[in-house]
Each structure stands twice: as C-alpha cells, then as structure tokens.
Novice: 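Have a look at this one.
Basis for what follows: all heavy atoms, side chains included, without hydrogens, waters or symmetry-related copies. Please read these numbers as outputs of a predicted model, since none were measured by experiment.
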Amino acid sequence: MPPEKKEARPSGRAGRARVPSYVKNLRGVTNWKQVSEWLEWRSIEDIECITPDQAGVARGKMMPSKKFTSNTSLALPSAPFMMTISGDYPEDGNGFAYPEDDGDLKLVPDLSTLSVVPWEDDPTAQVICDLVHQDGRSVEFTPRNVLKRVVAAYGKRGLKPVVAPEIEFYLVRKNPDPDYPLTPPVGRSGRPIGGGAGYSIAGVNEFDELIDDIYHFSESQGLEIDTLIHEEGAGQLEINLRHGDPVELADQVFMFKRTIREAALKHETYATFMAKPIQGQPGSAMHIHQSIVEKKTGRNIFTGEDGAETDAFRHFIGGMQKHVPSALVMFAPYVNSYRRLTQAASAPVNTKWGYDNRTTAFRVPRSDPAARRVENRIPSSDANPYLALAASLACGLIGMTKNIEPDAPVGTTVNEDEIDLPRGLLEAVDLFEADEDLHDMLGASFASTYAAIKRAEFETFMEVISPWEREYLLLNV
C-alpha cells in the first residue's frame with residue numbers, strides 16, 4: 001500500500017472527529033468497516049465496480065455507495081469476457097463453447113484497490129473486482145485470474161515475481177471519423193508536434209497542463225509514476241512504473257490507461273495505446289522488467305551468493321526464447337500490433353538476448369548483481385497488462401522448471417536479421433493453440449476462449465477494405 005499522504009480534511013462533523021489513519025489512505029483498505037468509513041469521510045456518492053475484460057477494457061457496474069456497502073451481491077454475465085474488441089462473439093469450436101445458460105458470475109471487490117475517480121464531477125470511487133462462480137471457484141478465463149494463477153505457480157515453489165512495466169502511448173488530435181489517419185496534436189507552441197524528440201524536455205513541456213493532470217489524477221488514486229519521458233514518435237510519451245508485485249502493477253497499468261485517456265480528453269486530445277497508430281512513426285511498446293525472488297529471504301534467484309548469474313537466470317531466458325513466439329498473441333493481440341513488429345525498427349522481431357542490447361527481444365540491463373533482471377521488449381502497449389505479464393512470467397517459469405538452456409548472448413545489432421516471430425495474428429494463434437506447456441500454465445479454459453476471440457477478430461478485420469487496396473488494386477488489376 002502506498003505511503004499515506006495528507007488530504008484536505010472535509011468540513012462538517014466527520015472532519016471534526018478524530019480520523020483513523022486508514023481513512024486517509026489514497027488507495028486501499030482492509031475490510032468492509034473501513035470501506036464505509038473511507039467512503040463517508042470523502043462523501044462518496046457512487047462507486048464503480050470494475051474488472052478488465054480480455055482486451056483490458058473496464059467492465060462492471062456503477063451503484064450508490066450505500067448499496068455497495070449493504071451486502072449487495074454483485075454479478076456479471078460471462079459474455080463480456082468472451083467478446084471481441086468490436087463487440088462480436090466467436091463461433092464454438094477448437095475447445096471453445098459459449099455457455100448455453102450464460103449464467104451470472106460474481107464480482108468480488110478487491111478492497112486493496114479502492115480509490116477515488118478524480119475526473120468525475122460528483123464524488124465517485126472505484127474498486128477492481130475479481131470474478132468467481134456462484135460456488136466460489138475462481139473463473140479461470142478472466143485476465144486478472146489468469147495472472148493470479150501464474151503468480152500462484154511461482155508461490156508453490158517458494159518464489160515471487162517482481163515486475164516493472166514501461167508503457168508508451170501517443171497523444172493525437174481528436175479523430176471522430178475512423179476513415180481519416182491520425183495526426184499529431186498541437187502543443188502549447190501552436191504548432192503540430194514533430195518526431196525525433198526522444199527524451200526532449202521541450203517535447204514534454206509542449207503538454208505541460210495535460211501532464212500535470214496525469215500526475216494529479218494519479219496522485220489522487222495512489223498511483224506512483226517513476227518517470228515520464230517524450231519518446232521518438234510525434235506526440236509519443238512513455239511512463240515508467242516502480243517495480244513490485246505483478247497483480248498490483250497490472251492493476252496500476254489498467255488504471256493508468258483510464259487515467260491518461262481521461263486527462264487527454266479533458267484537453268480535447270486523444271491518448272491512444274494502439275501499437276502502431278501513425279504510419280511512418282515508431283510503434284508503442286509495453287516493456288516488462290522481470291526478476292524473481294525467494295519469498296522467505298527476498299533474495300534475487302537470478303544472482304548467486306558470489307554475484308554470478310545462476311542456472312535459474314539462464315533457464316528463465318531459455319524459457320522465454322522457446323515459448324514467447326507461442327505466447328506472442330498475448331503480447332501482440334491485434335492485427336495492428338504486427339505493424340509495429342518489423343525489421344530494422346526499434347521493436348525486436350527476434351528471440352535473441354543480450355546485455356544492454358536494445359535490438360534483442362530479451363535485454364539484461366546493466367545493474368548491480370542484486371538487481372539482475374530480464375526485460376521483455378516484445379509486448380506492445382495495446383496488450384492487456386494482466387495477460388502480457390502472465391504470459392511473460394509463464395514462459396520464464398516453464399524454462400526454469402524444464403531447465404531450458406538459452407542461446408549465447410549477442411552483442412551486435414540483430415533487429416535487421418531474419419524474423420523469429422509470427423508475422424500475423426492467425427499464425428500467432430496457431431502457435432498459441434499448439435503450446436501445451438503454456439496451456440497448462442495459463443489454464444485450458446482461458447487458452448481456448450482467448451484463441452477463439454482472436455480468430456473472430458481477424459475475420460472481422462478481413463471484412464474491411466483498406467486504402468491500400470483502393471489505391472493499388474482499384475484501377476490496376
């Protein structure tokens with residue numbers, strides 16, 4: 001739980017009474033009594049009970065705060081977790097079958113995620129929920145539960161993963177007509193933003209007021225930003241988060257995406273996490289830094305007592321090299337994602353690893369031995385953070401349990417070599433469906449559901465005629 005920060009004391013009777021410290025928490029409480037006091041102290045009127053769907057979109061229910069704290073049973077049908085990004089449903093087959101009764105699933109609030117919704121005019125709170133069946137069993141195919149399943153697999157071995165995501169995104173002009181290409185926004189200088197502004201402070205300053213709102217919204221929710229930079233693309237920014245527990249960090253990315261979009265809309269701008277939103281500009285990634293520690297001692301198992309690399313470190317990388325191509329559909333979940341994964345670009349299209357080599361898929365940053373970690377540079381920012389973290393950690397754990405040895409590290413440029421990854425969504429789904437080790441780690445129910453959704457999304461995409469086809473085929477063939 002983040003450190004407590006002082007808030008303005010509300011006026012009235014509640015403000016004059018002695019306030020317990022947990023009521024002032026910006027994020028999270030431990031029991032329902034504390035929930036009631038936390039909501040009352042802030043005069044919260046409504047609460048959003050949300051959970052991420054397969055795309056990472058917030059689904060759920062909104063209700064008055066008094067109803068939320070009155071033992072109300074919260075339920076959602078399973079349908080939203082079997083839906084494509086366009087709102088369609090996949091056909092039955094290949095292990096997937098839509099439930100005939102479409103019965104209710106129960107929403108179980110995770111009280112540690114309770115926070116305010118700072119962009120709402122009326123006092124509103126939000127809480128992330130897990131999904132269980134009516135008999136209390138975890139719903140295997142929902143994203144937050146998939147990640148919890150992988151983290152639990154580490155826990156059974158006395159281990160705990162530690163992760164730190166980095167999320168890139170673009171600010172673009174409002175674009176209500178999808179037939180028109182996206183364009184960079186106009187900054188405070190009055191000119192459209194250009195590219196090539198990597199790490200430019202002036203580039204960040206173009207959006208001072210918007211970024212201030214991102215910081216203010218984040219602070220109000222107890223979300224901690226480590227750093228914010230301007231990336232290479234025109235209007236492309238990156239937020240780095242502090243390392244921590246995978247589920248907590250996935251929650252933060254889930255919340256950050258909502259926060260950044262809302263802050264941008266306040267300034268008549270779109271924030272997009274598309275992998276490749278603008279032709280000719282760099283794609284947007286969600287790099288994931290990973291290390292594994294012993295639960296009892298907190299020791300990083302990637303480093304031995306003498307400071308040297310361990311077998312676990314090598315096998316973790318070996319597992320990623322072998323299984324990440326099969327898991328690519330969870331790192332690059334849409335047709336657009338593969339436009340980012342091209343040769344001679346900043347996004348790796350290989351399964352190589354190296355020390356501080358940004359052209360490899362798996363980079364080992366320079367660090368003290370105690371902070372030794374592996375950065376997965378393949379995921380794009382359109383990936384569901386719960387599923388991207390689950391897939392990356394699952395691949396590493398398979399490597400450690402099966403003692404998979406990695407290739408030798410490379411110190412040269414390798415993003416211009418041959419492509420080691422699937423080149424499109426259907427090829428990625430085929431590999432995913434064939435990887436039994438990955439299914440065992442993630443859950444068969446999730447694997448069949450997710451694959452069916454991705455096949456359905458591809459078929460929907462194929463119904464759309466692109467400008468390229470009209471330009472080159474209309475009068476030439």
Novice: State, with a plain yes or no, whether a side-chain heavy atom of V127 is found less than 4.5 Å away from one of I47.
Specialist: yes
Novice: Calculate, to the nearest 0.5 Å, the distance between atoms CG and OG belonging to L397 and S392 respectively.
Specialist: 11.5 Å
Novice: Look up atom OG in S65 and atom CD in E45, then write down how far apart they are to the nearest 0.5 Å.
Specialist: 7.5 Å
Novice: Answer yes or no: is there a donor N or O on one side and an acceptor on the other, between the side chain of R258 and the main chain of F254, under 3.5 Å?
Specialist: no
Novice: Using ring-ring contact (aromatic ring centres under 6.0 Å, His included), reason through W32 and F68 one step at a time and then give a plain yes or no.
Specialist: CA-CA 10 Å; W32 283 97; F68 177 71; 5.0 Å; yes
Novice: Please list all pairs meeting ring-ring contact (aromatic ring centres under 6.0 Å, His included) that have one or both residues in residues 118-154, counting only residues at least two apart or in different chains.
Specialist: W119-F217
Novice: For a quick check under 3.5 Å, do E168 and H287 share a side-chain donor-acceptor pair by atom type?
Specialist: no
Novice: Between R455 and E433, does any NZ, NE, NH1 or NH2 come within less than 4.0 Å of an OD or OE carboxylate oxygen?
Specialist: yes
Novice: Do P348 and I378 have side chains that get closer than 4.5 Å, going by heavy atoms?
Specialist: yes
Novice: To the closest 0.5 Å, what do you measure between CD (E238) and OG (S381)?
Specialist: 10.0 Å
Novice: Test your reading of the model: is there a side-chain donor-acceptor pair from D356 to the backbone of P365, 3.5 Å cut-off?
Specialist: no
Novice: Can you check whether L438's main-chain N or O pairs, donor with acceptor, with D435's side chain at less than 3.5 Å?
Specialist: yes
Novice: When you measure from the side chain of T124 to the backbone N and O of E120, does any donor-acceptor pair fall under 3.5 Å?
Specialist: no
Novice: Taking atom CD of E436 as the centre, does the number of heavy atoms from other residues, nucleotides or ligands within less than 6.0 Å exceed 12?
Specialist: no
Novice: Would you find a donor on one side and an acceptor on the other, under 3.5 Å apart, between the side chain of D53 and the backbone of V57?
Specialist: yes
Novice: Measure from the side-chain N and O atoms of S380 to the backbone N and O of F331, and report whether any donor-acceptor pair falls under 3.5 Å.
Specialist: yes
Novice: Dump the intermediate steps for side chain to side chain donor-acceptor pair (under 3.5 Å) on T113 and D251, then the final yes or no.
Specialist: CA-CA 8 Å; T113 67; D251 286 343; 5.8 Å; no
Novice: Quick check for you: to the nearest 0.5 Å, what is the distance between I44 atom CD1 and K66 atom NZ?
Specialist: 13.5 Å
Novice: Is there a side-chain contact between E224 and L241 in this structure, where contact means two heavy atoms from C-beta onward sitting under 4.5 Å apart?
Specialist: no
Novice: Rounded to the nearest 0.5 Å, what separates atom OG in S115 from atom CG in L26?
Specialist: 9.0 Å
Novice: Is it true that D130 and K148 make a salt bridge, defined as a side-chain N closer than 4.0 Å to a carboxylate O?
Specialist: yes
Novice: Does the separation of the ring centres of F316 and W353 fall below 6.0 angstrom?
Specialist: no
Novice: Rounded to the nearest 0.5 Å, what separation is found between the CG atom of D213 and the CG atom of D208?
Specialist: 11.0 Å
Novice: For salt bridge (charged side-chain N to carboxylate O under 4.0 Å, His left out), just list the numbers for E248 and R27, CA-CA rounded to whole Å, side-chain angles, deciding distance to a tenth of an Å, and then say yes or no.
Specialist: CA-CA 11 Å; E248 291 179 9; R27 186 170 182 81; over 6 Å; no
Novice: Could you walk me through whether R372 and T303 pass the side chain to side chain donor-acceptor pair (under 3.5 Å) check?
Specialist: CA-CA 7 Å; R372 184 171 281 122; T303 298; 2.7 Å; yes
Novice: Keeping H315 on the side-chain end and D311 on the backbone end, is there a donor-acceptor pair under 3.5 Å?
Specialist: yes
Novice: Measuring only between side-chain heavy atoms, which start at C-beta, is Q221 closer than 4.5 Å to V117?
Specialist: no
Novice: For R363 and T360: C-alpha separation, side-chain torsions, deciding distance, then whether side-chain contact (heavy atoms from CB on, under 4.5 Å) applies.
Specialist: CA-CA 6 Å; R363 168 179 169 257; T360 62; 4.1 Å; yes
Novice: Taking the inter-plane angle between the rings of Y450 and F432 on a 0 to 90° scale, is it parallel (under 30°), tilted (30 to 60°) or perpendicular (over 60°)?
Specialist: perpendicular
Novice: Within the distance-only criterion (no hydrogens, no angle test), does the side chain of K106 pair as donor or acceptor with the backbone N or O of L74 below 3.5 angstrom?
Specialist: no
Novice: Kindly indicate whether the side chain of K174, heavy atoms from C-beta on, has any atom under 4.5 Å from the side chain of L265.
Specialist: yes
Novice: State whether the side chain of Q236 and the backbone N or O of G233 hold a donor-acceptor pair below 3.5 Å, judged by distance alone.
Specialist: yes
Novice: What do the steps show when you test I167 against V253 for side-chain contact (heavy atoms from CB on, under 4.5 Å), and what is the final call?
Specialist: CA-CA 8 Å; I167 313 104; V253 176; 3.9 Å; yes
Novice: Do the non-hydrogen side-chain atoms of F81 and L76 ever get within less than 4.5 Å of each other?
Specialist: yes
Novice: Could you tell me which non-hydrogen atom of S218 sits nearest to which non-hydrogen atom of I225, and how far apart they are?
Specialist: OG-CD1, 3.9 Å
Novice: Under 4.0 Å between a side-chain nitrogen and a carboxylate oxygen: does that hold for R340 and D382?
Specialist: no
Novice: Within a strict 4.5 Å, meaning less than it, do heavy atoms of the Q290 and M320 side chains meet?
Specialist: yes
Novice: How would you list, by chain and number, every residue that makes a side chain to side chain donor-acceptor pair (under 3.5 Å) with E457, sequence neighbours excluded?
Specialist: K454
Novice: Please determine if E37 and K33 form a salt bridge, counting it only when a charged side-chain N lies under 4.0 Å from a carboxylate O.
Specialist: yes
Novice: Let me see the working for S112 and D110 under side chain to side chain donor-acceptor pair (under 3.5 Å), right down to the final yes or no.
Specialist: CA-CA 5 Å; S112 70; D110 182 342; 2.6 Å; yes
Novice: More than 12 non-hydrogen atoms from neighbouring residues, nucleotides or ligands closer than 6.0 Å to CG on D121, yes or no?
Specialist: no
Novice: Using a strict 4.0 Å threshold on nitrogen-to-oxygen distance, state whether E294 and K296 make a salt bridge.
Specialist: no
Novice: Could you walk me through whether S291 and N300 pass side chain to side chain donor-acceptor pair (under 3.5 Å), step by step?
Specialist: CA-CA 7 Å; S291 59; N300 185 347; 4.7 Å; no
Novice: Within the side chain of R173, is there an N or O that forms a donor-acceptor pair under 3.5 Å with the backbone of P184?
Specialist: yes
Novice: In a table with atom names and distances, give each donor-acceptor pair under 3.5 Å that connects a side chain of residues 269-277 to protein atoms at least two apart or in another chain.
Specialist:
unit_1	atom_1	unit_2	atom_2	d
T269	OG1	H267	O	3.1
T272	OG1	M274	N	3.1
K276	NZ	Q281	O	2.6

Novice: Less than 4.5 Å apart, any side-chain heavy atom of V293 and any of I301?
Specialist: no
Novice: Is any side-chain N of the basic residue among R149 and E140 closer than 4.0 Å to the acidic one's carboxylate O?
Specialist: yes
Novice: Run the side-chain contact (heavy atoms from CB on, under 4.5 Å) test on R42 and V23 for me, step by step, so that the C-alpha distance in whole Å, both residues' side-chain angles and the decisive distance to 0.1 Å come before the verdict.
Specialist: CA-CA 9 Å; R42 289 167 175 78; V23 170; 4.3 Å; yes
Novice: Evaluate side-chain contact (heavy atoms from CB on, under 4.5 Å) for Y215 paired with L228, printing each intermediate quantity in order.
Specialist: CA-CA 10 Å; Y215 275 115; L228 185 147; 3.5 Å; yes
